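Here the structure is a predicted model, which is why all the values come from computation and not from measurement. Residue numbers run from 1 in the order of the sequence given.
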Amino acid sequence: MSTSAIEVSGEKVKAVWDKRLTETFCDICIKEILKGNRPGTHFTKDGWLKIMINFEKETGKAFSKRQLKNRWDAIKKEWKALKKLKGENTGLGWNPIKRTVDASDDWWESRLKVVPEAQKFRTSSIDPEFERKLDQMFMGIVATGDKAWAPSSGTLRSDFFEDVNNEIYEEDDEENVRNDVHISNDVQIDGNADNMSQATSSLTPVMDPYGIPQAVKVLHSTSEEVPETSPLYFFALRLLLNKDKRIMFLSINPKIRALWLKMEMEDS
(Lines give C-alpha, C1' and ligand atoms only; values in the text may rest on other atoms or scores of the structure.)
Protein backbone atom coordinates (compact mmCIF):
# COMPACT_ATOMS: atom_id res chain seq x y z
CA MET A 1 0.00 0.00 0.00
CA SER A 2 1.33 3.43 -0.89
CA THR A 3 1.94 5.81 1.95
CA SER A 4 2.83 9.42 2.53
CA ALA A 5 5.30 10.22 5.30
CA ILE A 6 5.85 13.37 7.30
CA GLU A 7 9.03 13.78 9.30
CA VAL A 8 8.84 16.55 11.86
CA SER A 9 11.91 17.68 13.75
CA GLY A 10 11.42 17.10 17.45
CA GLU A 11 8.40 14.83 17.09
CA LYS A 12 8.50 11.56 19.01
CA VAL A 13 6.52 9.66 16.37
CA LYS A 14 7.00 9.69 12.61
CA ALA A 15 3.67 10.35 10.89
CA VAL A 16 3.16 7.84 8.09
CA TRP A 17 -0.24 8.12 6.41
CA ASP A 18 -2.09 5.46 4.46
CA LYS A 19 -5.67 5.04 3.30
CA ARG A 20 -7.01 3.72 6.61
CA LEU A 21 -5.38 6.40 8.76
CA THR A 22 -6.48 9.18 6.43
CA GLU A 23 -10.11 8.03 6.38
CA THR A 24 -10.12 7.57 10.16
CA PHE A 25 -8.67 11.06 10.63
CA CYS A 26 -11.34 12.57 8.37
CA ASP A 27 -14.16 10.74 10.18
CA ILE A 28 -12.90 12.00 13.54
CA CYS A 29 -12.61 15.57 12.25
CA ILE A 30 -16.17 15.47 10.86
CA LYS A 31 -17.47 14.25 14.20
CA GLU A 32 -15.81 17.18 16.02
CA ILE A 33 -17.17 19.63 13.44
CA LEU A 34 -20.69 18.32 13.96
CA LYS A 35 -20.23 18.67 17.73
CA GLY A 36 -19.46 22.37 17.27
CA ASN A 37 -15.72 22.25 17.95
CA ARG A 38 -14.87 24.14 14.77
CA PRO A 39 -17.08 27.25 14.94
CA GLY A 40 -15.12 29.14 12.29
CA THR A 41 -12.17 28.07 10.15
CA HIS A 42 -10.17 26.49 12.97
CA PHE A 43 -10.82 23.81 15.53
CA THR A 44 -10.96 24.95 19.12
CA LYS A 45 -8.23 23.78 21.49
CA ASP A 46 -10.70 21.30 22.94
CA GLY A 47 -11.53 20.12 19.42
CA TRP A 48 -7.89 19.40 18.59
CA LEU A 49 -7.41 17.67 21.93
CA LYS A 50 -10.35 15.37 21.24
CA ILE A 51 -9.09 14.68 17.71
CA MET A 52 -5.68 13.69 19.09
CA ILE A 53 -7.19 11.49 21.80
CA ASN A 54 -9.69 9.76 19.52
CA PHE A 55 -7.16 9.31 16.72
CA GLU A 56 -4.75 7.55 19.09
CA LYS A 57 -7.61 5.52 20.54
CA GLU A 58 -8.80 4.30 17.15
CA THR A 59 -5.45 3.86 15.39
CA GLY A 60 -2.87 3.41 18.13
CA LYS A 61 -0.89 6.32 16.61
CA ALA A 62 0.08 9.13 19.01
CA PHE A 63 0.42 11.90 16.42
CA SER A 64 0.85 15.46 17.66
CA LYS A 65 -1.50 18.33 16.90
CA ARG A 66 1.13 19.69 14.52
CA GLN A 67 1.26 16.44 12.55
CA LEU A 68 -2.52 16.18 12.38
CA LYS A 69 -2.83 19.84 11.38
CA ASN A 70 -0.31 19.17 8.61
CA ARG A 71 -2.51 16.39 7.32
CA TRP A 72 -5.56 18.63 7.43
CA ASP A 73 -3.77 21.30 5.39
CA ALA A 74 -2.48 18.78 2.85
CA ILE A 75 -5.91 17.24 2.30
CA LYS A 76 -7.54 20.65 2.04
CA LYS A 77 -5.02 21.68 -0.61
CA GLU A 78 -5.93 18.65 -2.72
CA TRP A 79 -9.65 19.20 -2.20
CA LYS A 80 -9.42 22.85 -3.26
CA ALA A 81 -7.52 21.87 -6.43
CA LEU A 82 -10.19 19.32 -7.34
CA LYS A 83 -13.02 21.80 -6.77
CA LYS A 84 -11.22 24.43 -8.82
CA LEU A 85 -10.71 21.86 -11.59
CA LYS A 86 -14.40 21.01 -11.71
CA GLY A 87 -15.49 24.62 -11.49
CA GLU A 88 -19.21 24.89 -12.15
CA ASN A 89 -19.33 21.42 -13.70
CA THR A 90 -20.62 19.75 -10.53
CA GLY A 91 -22.53 17.17 -12.56
CA LEU A 92 -19.42 15.47 -13.94
CA GLY A 93 -19.50 11.70 -13.74
CA TRP A 94 -16.98 9.19 -12.39
CA ASN A 95 -15.05 6.68 -14.50
CA PRO A 96 -14.64 3.53 -12.36
CA ILE A 97 -12.09 2.07 -14.79
CA LYS A 98 -9.78 5.08 -14.94
CA ARG A 99 -10.75 6.04 -11.37
CA THR A 100 -11.02 9.70 -12.18
CA VAL A 101 -13.45 12.35 -13.45
CA ASP A 102 -15.29 11.14 -16.55
CA ALA A 103 -14.71 13.88 -19.10
CA SER A 104 -13.49 14.28 -22.66
CA ASP A 105 -9.86 14.95 -23.60
CA ASP A 106 -10.86 18.41 -24.77
CA TRP A 107 -12.38 19.18 -21.36
CA TRP A 108 -9.23 18.03 -19.56
CA GLU A 109 -6.92 20.02 -21.82
CA SER A 110 -9.05 23.11 -21.39
CA ARG A 111 -9.38 22.84 -17.60
CA LEU A 112 -5.73 21.97 -16.96
CA LYS A 113 -4.69 25.19 -18.66
CA VAL A 114 -6.65 27.00 -15.96
CA VAL A 115 -5.74 24.63 -13.09
CA PRO A 116 -2.34 23.10 -13.95
CA GLU A 117 -1.86 21.93 -10.35
CA ALA A 118 -4.72 19.47 -10.92
CA GLN A 119 -2.80 17.46 -13.53
CA LYS A 120 -2.58 14.45 -11.19
CA PHE A 121 -6.36 14.14 -11.13
CA ARG A 122 -6.36 13.02 -14.76
CA THR A 123 -4.96 9.64 -13.72
CA SER A 124 -5.74 9.44 -9.99
CA SER A 125 -8.56 11.36 -8.37
CA ILE A 126 -10.84 11.43 -5.34
CA ASP A 127 -13.76 9.00 -5.45
CA PRO A 128 -17.16 10.72 -5.06
CA GLU A 129 -17.88 9.03 -1.70
CA PHE A 130 -14.69 10.36 -0.15
CA GLU A 131 -15.20 13.74 -1.80
CA ARG A 132 -18.45 14.05 0.14
CA LYS A 133 -16.49 13.56 3.37
CA LEU A 134 -14.09 16.33 2.34
CA ASP A 135 -17.05 18.55 1.51
CA GLN A 136 -18.27 18.07 5.09
CA MET A 137 -14.82 18.99 6.38
CA PHE A 138 -14.20 22.06 4.24
CA MET A 139 -17.41 23.23 2.60
CA GLY A 140 -18.48 25.32 5.57
CA ILE A 141 -15.54 27.69 5.08
CA VAL A 142 -16.27 28.48 1.45
CA ALA A 143 -18.15 31.62 0.49
CA THR A 144 -21.66 31.68 -0.86
CA GLY A 145 -22.45 33.27 -4.20
CA ASP A 146 -20.52 32.99 -7.46
CA LYS A 147 -17.41 31.66 -5.70
CA ALA A 148 -19.25 28.88 -3.90
CA TRP A 149 -18.51 25.21 -4.47
CA ALA A 150 -21.46 22.82 -4.29
CA PRO A 151 -20.97 19.32 -2.83
CA SER A 152 -20.50 16.54 -5.37
CA SER A 153 -22.38 13.27 -5.34
CA GLY A 154 -20.34 9.29 -5.18
CA THR A 155 -13.76 5.69 -1.76
CA LEU A 156 -10.44 6.92 -1.32
CA ARG A 157 -7.76 5.51 -3.60
CA SER A 158 -4.92 4.33 -1.39
CA ASP A 159 -2.20 6.10 -3.39
CA PHE A 160 -4.06 9.37 -3.85
CA PHE A 161 -2.19 11.38 -1.25
CA GLU A 162 1.23 9.80 -1.77
CA ASP A 163 2.78 12.90 -3.34
CA VAL A 164 0.93 15.50 -1.31
CA ASN A 165 3.18 18.39 -0.35
CA ASN A 166 3.65 17.82 3.36
CA GLU A 167 5.49 21.02 4.14
CA ILE A 168 5.29 21.88 7.83
CA TYR A 169 3.17 24.89 8.64
CA GLU A 170 3.94 26.58 11.94
CA GLU A 171 0.93 28.78 12.32
CA ASP A 172 0.14 31.10 15.18
CA ASP A 173 -3.38 30.34 16.37
CA GLU A 174 -4.11 33.91 17.42
CA GLU A 175 -2.90 35.20 14.05
CA ASN A 176 -5.13 32.66 12.32
CA VAL A 177 -8.14 33.91 14.24
CA ARG A 178 -7.39 37.48 13.16
CA ASN A 179 -7.10 36.36 9.54
CA ASP A 180 -10.23 34.21 9.43
CA VAL A 181 -11.78 36.39 6.71
CA HIS A 182 -9.92 34.60 3.90
CA ILE A 183 -8.64 31.16 3.07
CA SER A 184 -6.86 32.38 -0.08
CA ASN A 185 -6.72 35.50 -2.21
CA ASP A 186 -9.91 34.68 -4.07
CA VAL A 187 -12.01 32.47 -1.80
CA GLN A 188 -13.79 34.07 1.12
CA ILE A 189 -14.97 32.24 4.17
CA ASP A 190 -17.66 32.58 6.76
CA GLY A 191 -16.94 34.27 10.08
CA ASN A 192 -16.91 32.21 13.28
CA ALA A 193 -19.95 31.54 15.42
CA ASP A 194 -18.94 34.00 18.13
CA ASN A 195 -18.79 36.85 15.61
CA MET A 196 -22.16 35.88 14.15
CA SER A 197 -23.61 35.76 17.64
CA GLN A 198 -22.29 39.24 18.42
CA ALA A 199 -23.51 40.58 15.09
CA THR A 200 -27.05 39.41 15.75
CA SER A 201 -27.23 40.23 19.45
CA SER A 202 -28.54 43.73 18.78
CA LEU A 203 -31.38 42.51 16.56
CA THR A 204 -34.91 41.94 17.73
CA PRO A 205 -35.95 38.31 18.34
CA VAL A 206 -38.15 38.37 15.24
CA MET A 207 -35.29 39.46 12.99
CA ASP A 208 -32.58 37.36 14.58
CA PRO A 209 -31.56 34.74 11.96
CA TYR A 210 -30.23 32.57 14.79
CA GLY A 211 -33.24 33.00 17.07
CA ILE A 212 -35.48 30.25 18.43
CA PRO A 213 -38.38 30.88 15.97
CA GLN A 214 -36.03 30.48 13.02
CA ALA A 215 -34.44 27.37 14.52
CA VAL A 216 -37.82 25.73 15.11
CA LYS A 217 -38.91 26.60 11.58
CA VAL A 218 -35.79 24.93 10.17
CA LEU A 219 -36.29 21.95 12.50
CA HIS A 220 -39.77 21.47 11.06
CA SER A 221 -38.23 21.31 7.57
CA THR A 222 -36.49 18.10 8.68
CA SER A 223 -39.78 16.43 9.62
CA GLU A 224 -39.10 13.44 7.37
CA GLU A 225 -35.99 12.54 9.36
CA VAL A 226 -37.08 14.12 12.66
CA PRO A 227 -40.84 13.49 13.08
CA GLU A 228 -42.59 15.88 15.46
CA THR A 229 -43.69 13.04 17.73
CA SER A 230 -40.23 11.45 17.98
CA PRO A 231 -37.92 11.62 21.03
CA LEU A 232 -35.30 13.21 18.74
CA TYR A 233 -37.65 16.09 17.97
CA PHE A 234 -38.25 16.91 21.64
CA PHE A 235 -34.54 16.54 22.36
CA ALA A 236 -33.86 19.02 19.56
CA LEU A 237 -36.27 21.55 21.03
CA ARG A 238 -34.37 21.45 24.33
CA LEU A 239 -30.98 21.52 22.60
CA LEU A 240 -31.87 24.57 20.52
CA LEU A 241 -32.45 26.62 23.66
CA ASN A 242 -28.65 26.77 23.77
CA LYS A 243 -27.61 29.65 21.51
CA ASP A 244 -24.27 28.13 20.44
CA LYS A 245 -25.99 24.88 19.49
CA ARG A 246 -28.68 26.86 17.70
CA ILE A 247 -26.13 28.77 15.65
CA MET A 248 -24.35 25.56 14.71
CA PHE A 249 -27.64 23.85 13.74
CA LEU A 250 -28.59 26.73 11.45
CA SER A 251 -25.11 27.12 9.96
CA ILE A 252 -24.26 23.56 8.92
CA ASN A 253 -25.20 21.88 5.67
CA PRO A 254 -28.99 21.18 5.70
CA LYS A 255 -28.32 17.62 4.51
CA ILE A 256 -26.53 16.71 7.75
CA ARG A 257 -28.66 18.58 10.31
CA ALA A 258 -30.62 15.48 11.31
CA LEU A 259 -27.41 13.45 11.61
CA TRP A 260 -25.88 16.17 13.81
CA LEU A 261 -28.95 16.12 16.09
CA LYS A 262 -28.72 12.33 16.41
CA MET A 263 -25.02 12.53 17.36
CA GLU A 264 -25.76 15.23 19.93
CA MET A 265 -28.50 13.06 21.41
CA GLU A 266 -26.15 10.06 21.61
CA ASP A 267 -23.52 12.15 23.39
CA SER A 268 -25.94 13.72 25.85
* Asked: Looking at residues at least two apart in the chain, or sitting in another chain, which of them share a salt bridge (Lys or Arg N to Asp or Glu O under 4.0 Å) with Lys61?
  -> none
In residues 25-33, what donor-acceptor pairs under 3.5 Å come from side-chain atoms, sequence neighbours left out?
| residue | atom | partner | partner atom | Å |
| --- | --- | --- | --- | --- |
| Asp27 | OD1 | Lys133 | NZ | 2.8 |
| Asp27 | OD2 | Lys133 | NZ | 3.4 |
| Glu32 | OE1 | Asn37 | ND2 | 2.6 |

* Asked: What residues form a side chain to side chain contact (heavy atoms under 4.5 Å, CB included) with Phe234, not counting sequence neighbours?
  -> Leu237, Arg238
* Asked: Who pairs with Glu117 by salt bridge (Lys or Arg N to Asp or Glu O under 4.0 Å), at least two apart in sequence or on another chain?
  -> Lys84
* Quick one: pull up CE in Met248 and CZ in Arg38 and give me the separation to the nearest 0.5 Å. => 9.0 Å
* Is the side chain of Gln67 donor-acceptor paired with the backbone N or O of Ser64 at a distance under 3.5 Å, no angle test? -> yes
* Check the pair Ile247, Lys243 against side chain to side chain contact (heavy atoms under 4.5 Å, CB included), reporting the backbone distance first and the verdict last. => CA-CA 6 Å; Ile247 291 173; Lys243 188 166 187 178; 4.1 Å; yes
* Supply the atom-to-atom distance Phe130 CZ to Ile75 CD1, rounded to the nearest 0.5 angstrom. => 5.5 Å
* Asked: Is the backbone of Ser124 close enough, under 3.5 Å, to the side chain of Arg99 for a donor and an acceptor to pair up by distance?
  -> no
* Asked: Do Asn253 and Gln136 pass the side chain to side chain contact (heavy atoms under 4.5 Å, CB included) test, and can you show the C-alpha distance, the side-chain angles, and the key distance before you say yes or no?
  -> CA-CA 8 Å; Asn253 189 322; Gln136 281 185 275; over 6 Å; no
* Asked: Does Phe63 have any ring-ring contact (aromatic ring centres under 6.0 Å, His included) partners at least two apart in sequence or in another chain, and if so, which?
  -> Trp17, Phe55
* Please check if Leu239 and Met265 belong to a single hydrophobic cluster, counting links between Ile, Leu, Val, Met, Phe, Trp and Tyr side chain heavy atoms closer than 4.5 Å. => yes
* Structure fact -> Minimal heavy-atom distance between Ala81 and Ala118, with the atoms involved, is O-CB, 4.1 Å
* Quick one: do Leu241 and Ile212 satisfy side chain to side chain contact (heavy atoms under 4.5 Å, CB included)? Show the steps, please. => CA-CA 7 Å; Leu241 292 174; Ile212 292 177; 3.9 Å; yes
* Asked: What distance separates Arg132 CZ from Ile126 CD1, expressed to the nearest 0.5 Å?
  -> 13.0 Å
* Asked: What residues, two or more places apart in sequence or in another chain, satisfy side chain to side chain donor-acceptor pair (under 3.5 Å) together with Lys35?
  -> none
* **Candidates Lys69, Arg71, Lys77 - the one meeting side chain to side chain donor-acceptor pair (under 3.5 Å) with Asp73** => Lys69
* Please report the closest heavy-atom contact between Leu82 and Phe121, naming both atoms and the distance. => N-CE1, 3.5 Å
* To do: Taking all non-hydrogen atoms of both residues into account, name the closest pair between Trp79 and Leu134 and its distance.
  => CD1-CB, 3.3 Å
* Nearest-0.5 Å distance, CG of residue Leu85 to CG of residue Leu112 -> 6.0 Å
Just distance, no hydrogens or angles: give the donor-acceptor pairs under 3.5 Å from side chains in residues 215-228, sequence neighbours left out.
| residue | atom | partner | partner atom | Å |
| --- | --- | --- | --- | --- |
| His220 | NE2 | Tyr233 | OH | 2.9 |
| Ser221 | OG | Val218 | O | 2.4 |
| Thr222 | OG1 | Leu219 | O | 2.6 |
| Ser223 | OG | His220 | O | 3.4 |

* Asked: With sequence neighbours left out, what residues match Asn54 under side chain to side chain donor-acceptor pair (under 3.5 Å)?
  -> none
* Sequence-distant partners of Asp46, side chain to side chain donor-acceptor pair (under 3.5 Å), two or more places apart -> Lys50
* To do: Can you sort out the partners of Arg122 under salt bridge (Lys or Arg N to Asp or Glu O under 4.0 Å), two or more places apart, ordered by chain and number?
  => Asp105
* Any chance you could lay out the side chain to side chain contact (heavy atoms under 4.5 Å, CB included) test for Lys120 and Glu78, step after step, and finish with the verdict? => CA-CA 10 Å; Lys120 66 177 296 178; Glu78 296 297 285; 3.4 Å; yes
* Structure fact -> The salt bridge (Lys or Arg N to Asp or Glu O under 4.0 Å) partners of Asp106 (sequence neighbours excluded) come to none
* Are the side chain of Arg111 and the backbone N or O of Lys86 linked by a donor-acceptor pair below 3.5 Å? -> no
* Using the rule that two of Ile, Leu, Val, Met, Phe, Trp, Tyr join whenever any of their side-chain heavy atoms come within less than 4.5 Å, decide whether Val101 and Val115 are in one cluster. => no
* **Residues which pass ring-ring contact (aromatic ring centres under 6.0 Å, His included) with Trp108, listed by chain and number, not counting sequence neighbours** => none
* To do: Evaluate the ring-ring contact (aromatic ring centres under 6.0 Å, His included) criterion for residues Phe138 and Trp72: first the C-alpha distance (whole Å), next the side-chain angles of each, then the deciding distance (0.1 Å), finally the verdict.
  => CA-CA 10 Å; Phe138 307 123; Trp72 172 280; 4.8 Å; yes
